[in-house]
2 protein chains.
Amino acid sequence: MTIRRLNEAERALALADLPGWSADAERDGIRRRFVFADFIEAFGFMTKVALLAEKSDHHPEWTNVWNRVDMLLTTHDAGGLSQRDIALAAEIDALLG
Amino acid sequence: MTIRRLNEAERALALADLPGWSADAERDGIRRRFVFADFIEAFGFMTKVALLAEKSDHHPEWTNVWNRVDMLLTTHDAGGLSQRDIALAAEIDALLG
């Protein structure tokens, strides 16, 4: 599968289905902040995401501070936002039930 | 145990025993970058650190990008670097064998 940057129309369509995510123009990716009850919940979530990420060989850039996880998805090989980011974001959202 | 900011002499002594860590003046904490072979190694390390952190109820601020983990330790309750950071840093270093 060719990995390429999404065009404007593709992005708009994809983000409409990912209401928790917002575009990061500077990094050409998408971001979402997740807030949990505590560190156990936050790191439990990160562990699930880690397994999904490794399985799809596509990994987030993410920061954790206690109950908070800030995630950026972008595709280095594509030079920006690609379908791989959209697919991973949808899988991550599905974890939240 | 009272948690208080370390003074200059205490910091110098503590950092001398933690050669991988450096002082972050802006955040009044200590930082270390860990680089691994791949994401599996990096996240495996993070999982170990998560267990240590939860056990001691003292959590890092950390960012992961694939094989890299950037960690900052500081103690909010003390308003800066405390003995809790030094103790956790030493436990984390011990994980690396």
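So you know, we letter chains A, B, ... as the sequences are listed, proteins then strands, and number each from 1.
Proximity to chain A among residues 53-71 of chain B is limited to B:E54, B:H59, B:P60, B:E61, B:W62, B:T63, B:N64, B:V65, B:W66, judged by heavy-atom separations below 4.5 angstrom. At a heavy-atom separation below 4.5 angstrom, chain A is approached by no residue within residues 88-97 of chain B. Using a 4.5 Å heavy-atom cut-off against chain B, the contacting residues of residues 40-52 of chain A are A:I40, A:F43, A:M46, A:T47, A:A50. Heavy-atom neighbours of chain A within the stretch residues 9-29 of chain B, taken at a separation under 4.5 angstrom, are nonexistent.
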